[in-house]
Amino acid sequence: FRDLLADAENYASTRQHIDVENLNYYLRNPRGDERPNESSSVSSDCFDVVTSDMPSLIRSFLGGGNIMEFSANNPDDRAQVIEAKQKTKLINRLILGRDWSFKVLHDWMLQAGICTMSAVTYFPRTIEKQEIKTYEGINQTELDQIIRALESDSSIKSADVESDDGGETFDAEITITRESREYCIELVDPQNFLISKGGPTLDDCAFVGHRSTYRKCELVEMGIPRKTVEGLTPSGTGSTIDATGLKGSDNLFEQITSRAVGNDFEDETQPEWWLEEIDVVEACVLGATKSGSSQRRRIMYAGNEILKDEPFDHVNYAVLSAYPLPNQVGGLSRVGITKRTQDEKTFVQRGLFNNIAAVNKPMTAINIKKDGQLDTVNRQDMLNRRTNGVVRVSGPVTGNILPLPVPSIGQESLQLIQYIDFNRSQTTGALMASQGLNRDDVYNETATRFKGVNDEGAAKLEVVMRVY
């Protein structure tokens, strides 16, 4: 297990450097080659390509239709038809009908446009909720009836009764613990996703998992011995700064986006031991049984301890990649193939803006000595340029002040930017006519398909509205 984990960690480290660079391109963060008193503009090609994809992706996969449908093997069998309809309704409710459905699936697709691969994990989760009911002036018979009614409710795990010791009637307080089971889908941060190099599908990989964080009390509730949990080292205690300048135990996207808006991370005060957070690796590992056959096992690992090790029937992860490479799960992202275009346009834009500044305020040649007289032109006035300012001159202006004109490259730069945009559309396929398409319009080459040109702005606003 530890050898497989080390292999997955090395692969994750390689991907992390690429993903950090891609995210900086997407956020238009400073490139590090800016010069004082010159343009520091950064083109938004990567951001534009990814955001222009989202309206069509959301309409196609998260629109009003079913994301998945079941059909009966025998259409004449009424029982199979009913079963197929029930399964279709159930799977769409589990995936699309939850409070978190849109946000998780939206971020999953968005992350795939930025990073080499984007992963979600799905799993069942048991939820316990407590409620307290108070009864006043009841007798023992009524209390027994209430308890029997609660015991008949299958959703109630326990009911603890506290009552006053008094007379025929008394007050009672019942703490009811309800237990429910639900299926969840969670987005995995690309920095925390761990996968070994093994093949084109997840089933071919010997190790698929992710880093997660649990409080110690949560691990105890899972049935892990308290003594084992108490000995685990809290997360962040031994965290290091890697080559990207980011803490390994922190959330990759959270750090970079927070820095982009000017927020810094501060150390938090240490909580009580049961609230301390532990870095845990959860993974589906391909192993071998005693008979020599392969078997998937679900392992939970923290520190140097294997907390859980149990058989598991499949890999409970799903991965997206915009351009998968042969015999690999991951590949290239939309940002990855657009970075070169952004570099080219950034270079042209900075040159154009620097040229405009030079044209607006060109250098000027001045005569500082004439006929033995110094300061023919006041140099301080020339250096402190102001709009509609005054320059003091001794004698005629002609022959004492000579502007040095700078040729404008605006027209040539705009033509070059147009050429770069054309190359970008050839590389990425990001055209205005393709924005805001529904799933039924993807293969429709009639004139109505190009309504995307008019629908572009509305489609982008629709994404914002759905996110809100």
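The figures here come from the full heavy-atom set of this structure, side chains too, leaving out hydrogens, waters and symmetry mates.
Nearest heavy atoms, P55 versus S52: CD-O, 3.5 Å. The heavy-atom pair separating G209 from F193 by the smallest distance is O-CD1, 3.4 Å. Annotation for V120 and W108: closest pair CG1-CG, 3.6 Å, computed over non-hydrogen atoms. Across S321 and G331, no two heavy atoms sit closer than the pair OG-N, 3.1 Å. The heavy-atom pair separating P403 from P405 by the smallest distance is O-CD, 3.2 Å. Taking each heavy atom of S40 and E34 in turn, the nearest pair found is CB-CG, 3.5 Å.
Taking 4.5 Å as the limit, every side-chain heavy atom of F102 sits out of range of all side-chain heavy atoms of L96. Side-chain contact between R350 and V42 is present, with heavy atoms from C-beta onward closer than 4.5 Å. The shortest distance between side-chain heavy atoms of R215 and I278 does not fall below 4.5 Å. I185 is listed as a side-chain neighbour of W100, based on a closest heavy-atom distance under 4.5 Å. Looking at L194 and V281, their side chains come closer than 4.5 Å, going by heavy atoms from C-beta outward. Counting heavy atoms from C-beta outward, V315 and R296 have side chains that approach closer than 4.5 Å. Between R15 and I195, some side-chain heavy-atom pair lies under the 4.5 Å cut-off. Side-chain contact check for Q130 versus T175: some heavy-atom pair is nearer than 4.5 Å.
One finds the CE atom of M109 at 13.0 Å from the CD1 atom of I114 (value rounded to the nearest 0.5 Å). Distance check: F70 CZ to M68 CE gives 6.0 Å after rounding to the nearest 0.5 Å. Separation of atoms CD1 (I224) and CG (L307) is listed at 4.5 Å; rounding is to 0.5 Å. One finds the CZ atom of R93 at 9.5 Å from the OG atom of S101 (value rounded to the nearest 0.5 Å). Taking SG from C46 and CG from L27, the interatomic distance works out to 10.5 Å, rounded to the nearest 0.5 Å. Rounding to the nearest 0.5 angstrom, the gap separating the CG atom in D203 from the CG atom in L286 is 9.5 Å.
A distance-only check finds no donor-acceptor pair linking the side chain of D19 to the backbone of Q191 [under 3.5 Å]. Q415 contributes no side-chain N or O that, together with a main-chain N or O of S413, makes up a donor-acceptor pair within less than 3.5 Å. Q342 places a side-chain N or O within 3.5 Å of a backbone atom of S43 that can act as its donor or acceptor partner. Judged by distance alone, with hydrogens and angles left aside, the side-chain atoms of N354 form no donor-acceptor pair with the main-chain N or O of E38 at under 3.5 Å. With hydrogens and angles ignored, the 3.5 Å screen pairs a side-chain donor or acceptor of K216 with a backbone N or O of L232. No donor-acceptor distance shorter than 3.5 angstrom exists from the side chain of N66 to the backbone of E69, with no hydrogens or angles considered. With N355 contributing its side chain and P407 its backbone, the two residues share a donor-acceptor pair below 3.5 Å. Checked by atom type and distance alone, the side chain of R98 pairs as donor or acceptor with a backbone atom of Y183 at under 3.5 Å. Of the possible polar contacts, one joining the T51 side chain to the F47 backbone as a donor-acceptor pair under 3.5 Å is found. Using a distance-only test at 3.5 Å, with no hydrogens or angles considered, no donor-acceptor pair links the side chain of T116 to the main chain of L332.
A donor and an acceptor atom, one from each side chain of S41 and Q349, are located under 3.5 Å apart. Between the side chains of R31 and N24, not a single donor N or O lies within less than 3.5 Å of an accepting N or O. A donor-acceptor pair shorter than 3.5 Å can be found between the side chains of T201 and D204. Side chains of Q111 and S118: a donor on one and an acceptor on the other come within 3.5 Å. With no hydrogens or angles considered, a side-chain donor-acceptor pair links D48 and S44 at under 3.5 Å. For the 3.5 Å distance criterion, the side chains of Y25 and D45 fail to qualify, holding no donor opposite an acceptor.
The six-membered or imidazole ring of H210 lies away from that of Y301, with a centre-to-centre distance of 6.0 Å or more.
R181 CZ: more than 12 foreign heavy atoms inside a 6.0 Å radius. Counting heavy-atom neighbours within 6.0 Å of Y122 OH, excluding the residue itself, gives a total above 12. At most 12 heavy atoms of other shown residues, nucleotides or ligands fall within 6.0 angstrom of atom CD in Q418. By the 6.0 Å contact criterion, CZ on F347 is open, its count of non-hydrogen atoms from other residues, nucleotides or ligands being 12 or less.
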N316 vs R298, side chain to side chain donor-acceptor pair (under 3.5 Å): CA-CA, chis, key distance, verdict: CA-CA 10 Å; N316 61 324; R298 178 76 170 173; 3.2 Å; yes
Walk me through whether I299 and K308 qualify under side-chain contact (heavy atoms from CB on, under 4.5 Å). CA-CA 5 Å; I299 294 179; K308 278 190 176 183; over 6 Å; no
Between N192 and S212, does the side-chain contact (heavy atoms from CB on, under 4.5 Å) criterion hold? Intermediate values first, please. CA-CA 7 Å; N192 294 328; S212 57; over 6 Å; no
Show the numbers, then the answer: is there a salt bridge (charged side-chain N to carboxylate O under 4.0 Å, His left out) between D53 and R334? CA-CA 9 Å; D53 292 343; R334 298 284 279 172; 2.6 Å; yes
Go through it in stages, so that I can follow the logic: the residues are S333 and C115, the test is side-chain contact (heavy atoms from CB on, under 4.5 Å), and I'd like the CA-CA distance, side-chain angles, deciding distance and then a yes or no. CA-CA 6 Å; S333 65; C115 301; 5.7 Å; no
Go through the steps for F312 and V285 under the test side-chain contact (heavy atoms from CB on, under 4.5 Å), then give the verdict. CA-CA 9 Å; F312 209 69; V285 181; over 6 Å; no
R211 and D279: CA distance, side-chain angles, deciding distance, salt bridge (charged side-chain N to carboxylate O under 4.0 Å, His left out) verdict: CA-CA 7 Å; R211 303 186 196 94; D279 289 331; over 6 Å; no
Passes salt bridge (charged side-chain N to carboxylate O under 4.0 Å, His left out), D343 versus K339? Steps please. CA-CA 6 Å; D343 287 337; K339 290 190 292 187; over 6 Å; no
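Taking the centre and axis of the six-membered ring of Y26, the NZ or CZ atom of R28 falls outside the cone set by 45° and 6.0 Å.
Taking a cutoff of 4.0 Å between a charged side-chain nitrogen and a carboxylate oxygen, D7 and K197 do not qualify as a salt bridge.
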